[in-house]
Structures are given as structure tokens and as C-alpha cells.
Amino acid sequence: WQIGDFTLTSQTGYADWEAERVMEFSGSPLNVIGLRGEEGDTGEFWSQELRLESPRDGAFSYIAGLYYDDLKMVQTPWDKGGGAIIQVPDGVGLLARNGDVEEVDSWSVYFEGTYNINEQWIASVGVRGGEEKKDFTDYVGLELVFGGDFDDPSGIYVEDGGSTFFGQQIIQDLSRNDDYVTWSAKLQYLMNDSTRLYVTAVTGYKSGGFNNAGNTLIIADKVVDPEDSLSFEAGAKIDLADGQGRLNIALFYTTFDDLQVARSDTTGVIVTTNAAEAVTQGIEIEGAWQLTENLTVGGSYAYLDAEYEDFENAPCCPYKRAADPLACVAGQDLSGETLQRAPENAGNLYVQYVQSVSSKWDLLAYLGWT
């Protein structure tokens, strides 16, 4: 809606989904681990955002908004066909009675203002605050089962009546309520019509939660703490030869507290845990040059130095536990080690050719190396 010179925007989102999980996932030629979920996992989500934008023709402009979302996810519990079947000898197996229900409510408010100090300097400041509430119900159990077709994870099994192992399923109700405030500050300098310099400082936040995988009864292994970050960046965006070429350069430095990382638990299931501190820093350069009206070459290069500053009690991976179980009782120290999926060097080169073949058709040829 146009309200004078202001623009008010309403955006509503809705989604629901269903996923049937019947599979064999041991990775071996033998069907020994079957995952069941005949009735299907379900989820439902909706969100609402209201955003107000001021006119941009003055020295000062801003964007302000409100946001809310609601999410519910159900992983099929054992009594509705959920869980995993693990074959021990032929005709005998273990039924892992796992499933969960998670409900999330979150809201936030935000504001960002931009001030044109003069024709060359532009400053922006933003802030966002919010709260997120999560309720998590986890179902855990393990008992013997007999019979059934272990080649078919959805087969029928006879349970032993709950007298073995954990017996009847254990229900754990967990909840958390996190609030946060993040901010950003940006300063741009328009050196001339072709060169823009900038510096930024930005905080980030990733909410905490719960692991919904594995059969552990240890509450600490299920809880994931929020992640916080502080980032600094300085760079330049440059047009060359009256727009024939382009060059972008960025230097960055980011610190993380309680970085959320993936790990393998004692059963080999991938879950999320927190590393105490981590740092990523580096440089990114990208550019392109139009050699002719039809031919363009370009590329990019990134150098990344990313490591855990403090991760003293990192869990051991399965092969380390198997090789030396006693050394892994208190975990391993990964302080100073490289972060996951963080290559030191990365880049690409490409050549692109565009030729008009008619008034309505263009032929595009592209060759790239990464």
C-alpha cells in the first residue's frame, strides 16, 4: 500500500509438508538397519511480516518492520510406525523407539536508517531484536523384536512386551526461550563515479535448539546453544574503463562464540554441537572484463583462514573412538584446527560468449573452471 510517500508491505507465508520414511540405511550389502515411518513425518509453518519503507529522495531514509512465524514438526513416534529396526541375528532385532515433536514461535522487530551525509559519504545503522521459544518432546526407547521381514523396513514385528532394555518408551519434554539483539553499522565513500569504498561492522545470531536424532537419554547431548558472531569487512567496488571492466575486493574478519558444528554421536548419527570459539578471516577478489561486444572473461579468488580458537572438548569421531576408546572419554582438543568445509584457497575462471542469431534469440556459450 502507498501511504503518501511511504510504502507499507505485508508478506504472508504458509507451507505444510509430509514425508514418508521407509528405507535401509546401513550402507552395507545386507539389510540390517531399517528406518520406519509409514504414517509420515509432518510439518506446518506460517509467517507474517509488515514492513514500512520511507521515501528515498531525502537525506535520510529508513526501513522498519515486524516479523512473526510459527512452526510445528512431527517425526513419527514408534507407536505410529516410527523408529528404526536393527537386525541382530536372523529373525531377531532391536526396535529403536524414537520420534519427536517440535514447536517454534518466534518474533522480531527491526529498523535500519540510511543518512546521506553529503554527495560522497553515506552512513547506515540497523538493529534487530527478537525472541524465539522452542518446545521439544523427544520419545526414546529400545527393545527386542522377533520375526518380520528385515528386507522390508516396513514389515511387521512382534515386540517382547517392553521388558528388555529401556522397556516402555521414555518421554523427555524440553523447552527453551532465547532473546537476542543484533546490529549493523556501514559507511560508504563514493570516491568518484566509478569507485565505491566501504567498511561494515555486523553482529549475527543463530538460535539454539535440540537434536532430534539418535537415542541418547543425556539431556546435554540434545541441547544446542545459540551461536553469536561479530564481523568486520572493508572493500571496494570499482568500474574500469568506462564500465568495460569491474573489480570487487573485500577483506573480512569474523569471530564466532558457541559456533554450531555437525558431529557424529556415539551411534554414528550426525548431530549438532557447539564449539566455544572460532575465527574466519581472509580476502575475496572478483572481476570481469568485456573484451569485445560479445566476449567476456572473468573470475574470482578467495583466501580463507578459518580455525577453531577454542574447542577443547570436541567429541571424537567413530574411527577415533574405535581406535582408542579411553583417549576419547573426555573428547579431543580441536583448538587450532581448520573449520569444516573451509578451503584455504578457492576460485574460478570463466569465458562467456553471446551472439544474437535473430531479433528474438541469442546464443550463449559459457566455459568455466572452478
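The figures that follow rest on heavy atoms only: side chains count, while hydrogens, waters and symmetry mates do not. All residue numbers in this chain count up from 1 along the given sequence.
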Is it the case that atom [atom1] in [X] sees more than 12 heavy atoms from other parts of the structure closer than 6.0 Å?
X      : atom1 : value
Asp193 : CG    : no
Glu293 : CD    : no
Gln11  : CD    : no

Following the transitive rule for hydrophobic clusters with a side-chain heavy-atom cut-off under 4.5 Å over Ile, Leu, Val, Met, Phe, Trp and Tyr, establish whether [X] and [Y] coincide in one cluster.
X      : Y      : result
Val125 : Leu230 : no
Phe256 : Val181 : no
Val351 : Leu291 : yes
Leu187 : Ile122 : no
Phe136 : Val224 : no

Compute whether any side-chain donor of one residue and acceptor of the other, for [X] and [Y], lie under 3.5 angstrom apart.
X      : Y      : result
Thr296 : Gln290 : no
Glu307 : Ser335 : no
Thr7   : Gln2   : yes
Tyr353 : Gln355 : yes
Asp178 : Tyr180 : no
Gln188 : Arg196 : yes

- Over 60° means perpendicular and under 30° means parallel, so classify the ring planes of Tyr115 and Phe60, tilted if in between.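 It falls in the tilted class, 30° to 60°.
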
Students often mix this up, so state it plainly: with edges at 30° and 60°, are the rings of Trp121 and Tyr189 parallel, tilted or perpendicular?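 Tilted, since the angle between the ring planes falls between 30° and 60°.
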
Does Asp135 come within less than 4.0 Å of Lys133, counting only side-chain N to carboxylate O? yes

At their closest point, which heavy atom of [X] faces which heavy atom of [Y], and how far apart are they?
X      : Y      : answer
Leu52  : Phe6   : CD1-CB, 4.1 Å
Pro315 : Arg263 : CG-CD, 2.9 Å
Trp183 : Ala201 : CZ3-O, 3.5 Å
Ala262 : Gln340 : O-NE2, 2.8 Å

Exercise for review: Would you check if the side chain of Gln48 reaches a backbone N or O of Leu66 as a donor-acceptor pair within less than 3.5 Å?
Suggested key: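 No: the side chain of Gln48 does not pair with the backbone of Leu66.
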
Between Arg128 and Tyr205, does the side chain to side chain contact (heavy atoms under 4.5 Å, CB included) criterion hold? Intermediate values first, please. CA-CA 10 Å; Arg128 185 184 190 106; Tyr205 173 83; over 6 Å; no

**Asked** Quick one: are the ring centres of Tyr62 and Phe111 less than 6.0 Å apart?
**Response**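 Between Phe111 and Tyr62, which both carry aromatic rings, the centre distance is below 6.0 Å.
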
Using residues 281-289 as the side-chain source, report each donor-acceptor pair under 3.5 Å to any protein atom, sequence neighbours left out, with the distance given to one decimal.
from   : atom 1 : to     : atom 2 : distance (Å)
Gln281 : NE2    : Asp305 : OD2    : 3.2
Glu286 : OE2    : Asn248 : ND2    : 3.1

* **Passing candidate, salt bridge (Lys or Arg N to Asp or Glu O under 4.0 Å) with Lys222, options Asp100, Asp173, Asp138** =>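 The passing option is Asp138.
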
Residue pairs meeting salt bridge (charged side-chain N to carboxylate O under 4.0 Å, His left out), one or both in residues 224-249, sequence neighbours left out, come to Lys206-Glu227

